[in-house]
Amino acid sequence: MSAPIDFYFDFSSPYGYLASEQIDALGAKHGRAVMWHAIVLDAQFQPQGGMKIPTALMRTEYVKRDVERSAAYFGIPYKAPAPYPVHTEHAARAFQWLSDRNPDEARSFAHAVFRAYFVEGRNIAETAVLLEIAENLKLDRDDVSAAFSDSATKARLKAEIDLAEARGVFGSPFFIVEGEGFWGNDRLPQLERWLAKGPF
């Protein structure tokens with residue numbers, strides 16, 4: 001069986017949102033499974049003392065317009081969220097907790113969280129919003145709530161972020177297939193060529 005596509009994303013990344021609406025169809029077209037991985041860019045970059053990428057880059061007027069234009073180009077619903085950016089640790093923990101138990105439910109949760117933020121303008125840093133999303137997906141509210149603060153889930157997410165960093169992930173979205181990394185939603189055409197014709 002062909003190697004899967006690893007898809008890394010931060011819930012506060014508009015480009016991660018755009019990629020989330022496209023990557024599964026792309027994988028299915030080429031007979032590849034897609035493995036979803038939530039990361040938290042603040043958590044990833046802060047230990048290095050580096051610039052927090054979402055705050056420094058993603059607030060620029062160019063990026064705001066580029067995301068709007070890109071969403072329109074791909075026919076993906078989008079509304080610039082406020083506040084922006086937001087902390088995504090709780091969303092990522094809930095996703096990780098779900099992913100370890102039921103990847104399909106985790107994927108549905110991820111789609112709902114992305115759309116809540118980038119289409120409906122809801123603040124996904126608020127646990128009440130995340131719990132409402134979970135309830136709408138028929139997930140157990142108490143179980144998801146516990147995942148926000150569970151020490152094992154925190155450690156599990158940290159391990160996921162550490163592994164992503166070790167693999168060379170430095171932004172959202174980031175794709176890895178057969179050891180090759182592709183950064184950004186605008187690299188999807190290159191990723192598709194790789195899947196269709198092999199390494200180049």
Side-chain angles (χ1 to χ4, degrees), residues 1-44 53-54 74 76-78 85-119 124 130 133-134 136-139 143-144 147-148 150 152-188 190-192 194-195:
M1 185 175 181
S2 299
I5 303 166
D6 287 298
F7 166 44
Y8 290 89
F9 60 90
D10 185 307
F11 281 113
S12 195
S13 164
Y15 293 110
Y17 161 62
L18 296 179
S20 75
E21 294 288 332
Q22 302 172 77
I23 189 58
D24 284 332
L26 181 61
K29 179 180 177 181
H30 296 280
R32 303 291 185 109
V34 180
M35 311 298 290
W36 288 46
H37 306 272
I39 57 174
V40 183
L41 289 178
D42 280 359
Q44 187 176 2
I53 299 300
F74 291 114
I76 296 172
Y78 174 78
V86 295
H87 293 292
T88 59
E89 289 89 347
H90 287 111
R93 288 173 192 162
F95 172 86
Q96 189 62 62
W97 181 84
L98 284 166
S99 184
D100 287 342
R101 289 155 180 77
N102 188 320
D104 290 336
E105 286 185 349
R107 190 170 311 200
S108 295
F109 177 78
H111 277 303
V113 171
F114 268 130
R115 291 166 186 166
Y117 190 44
F118 289 109
V119 179
I124 59 170
L130 298 175
I133 291 170
N136 289 339
L137 294 172
K138 310 302 182 186
L139 301 173
D143 286 346
V144 175
F148 294 150
D150 177 66
T153 302
K154 289 181 180 179
R156 179 69 181 84
L157 177 60
K158 183 180 184 304
E160 188 75 12
I161 292 170
D162 288 345
L163 178 60
E165 192 173 38
R167 299 186 74 189
V169 175
F170 54 82
S172 169
F174 201 100
F175 312 94
I176 299 177
V177 61
E178 295 158 353
E180 188 80 3
F182 299 84
W183 173 41
N185 187 69
D186 57 348
R187 291 297 180 269
L188 284 175
Q190 290 188 24
L191 174 59
E192 180 160 23
W194 184 283
L195 297 175

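For the numbers below, each heavy atom of this structure counts, side chains included, while hydrogens, waters and symmetry mates do not.
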Task: Separation between CD1 of I124 and OG of S12, rounded to the nearest 0.5 Å - done: 6.0 Å
Task: Nearest heavy atoms of A147 and R93, plus distance in Å - done: O-CB, 3.8 Å
- [ ] Find out whether D150 and R156 are in side-chain contact, i.e. whether some heavy atom of one side chain is under 4.5 Å from a heavy atom of the other.
- [x] no
Task: salt bridge (Lys or Arg N to Asp or Glu O under 4.0 Å) contacts in which one or both residues fall within residues 105-114, not counting sequence neighbours - done: D24-R107
Open item on the list: With ring-ring contact (aromatic ring centres under 6.0 Å, His included) as the test, pick out the partner of H111 among F11, W36, F9.
Closed with: W36
Open item on the list: Restricting to non-hydrogen atoms, name the atom on A94 and the atom on V144 that form the minimum distance, rounded to 0.1 Å.
Closed with: CB-CG1, 4.1 Å
- [ ] Examine H30 together with W194 and report whether their ring centres are nearer than 6.0 Å.
- [x] no
Open item on the list: Is the shortest side-chain heavy-atom distance between Q22 and I76 below 4.5 Å?
Closed with: yes
Open item on the list: Does any part of the side chain of R32, heavy atoms only, come nearer than 4.5 Å to the side chain of P4, both counted from C-beta?
Closed with: no
TODO: Measure the spacing between OG of S13 and CZ of F118 and express it to the nearest 0.5 Å.
DONE: 6.0 Å
Task: Distance, nearest 0.5 Å, that separates CG of L191 from CZ of F175 - done: 6.5 Å
Open item on the list: So, taking the atom named CZ in F148 and the one named OG1 in T153, what distance separates them when rounded to the nearest 0.5 Å?
Closed with: 10.5 Å
TODO: For the pair Q96 and H37, evaluate side chain to side chain contact (heavy atoms under 4.5 Å, CB included) and give the outcome as yes or no after the intermediate values.
DONE: CA-CA 8 Å; Q96 189 62 62; H37 306 272; over 6 Å; no
Task: F74/N185 under side chain to side chain contact (heavy atoms under 4.5 Å, CB included): CA gap, chis, key distance, verdict - done: CA-CA 11 Å; F74 291 114; N185 187 69; 3.4 Å; yes
Task: N-O pairing of R167 and D6 below 4.0 Å - done: yes
Open item on the list: Return the CD to CD1 distance between E180 and I5, rounded to the nearest 0.5 Å.
Closed with: 13.0 Å
Task: Nearest non-hydrogen partners of V40 and A92, listed with the distance - done: CG2-CB, 3.7 Å
Task: Electrostatic pair E89:K154 at N-O distance under 4.0 angstrom - done: no
Task: Atom pair CG/CH2 of D186 and W183 - distance to nearest 0.5 Å - done: 8.5 Å
TODO: Grab the two heavy atoms, one from A38 and one from L157, that are nearest each other, plus how far apart they are.
DONE: O-CD1, 3.7 Å
Task: Nearest heavy-atom neighbours spanning I23 and F7 - done: CG2-CD2, 3.8 Å
Task: T88 versus I39, closest heavy-atom pair with distance - done: OG1-O, 4.4 Å
- [ ] May I ask you to test the F182-Q190 pair for a side-chain heavy-atom distance under 4.5 Å?
- [x] yes
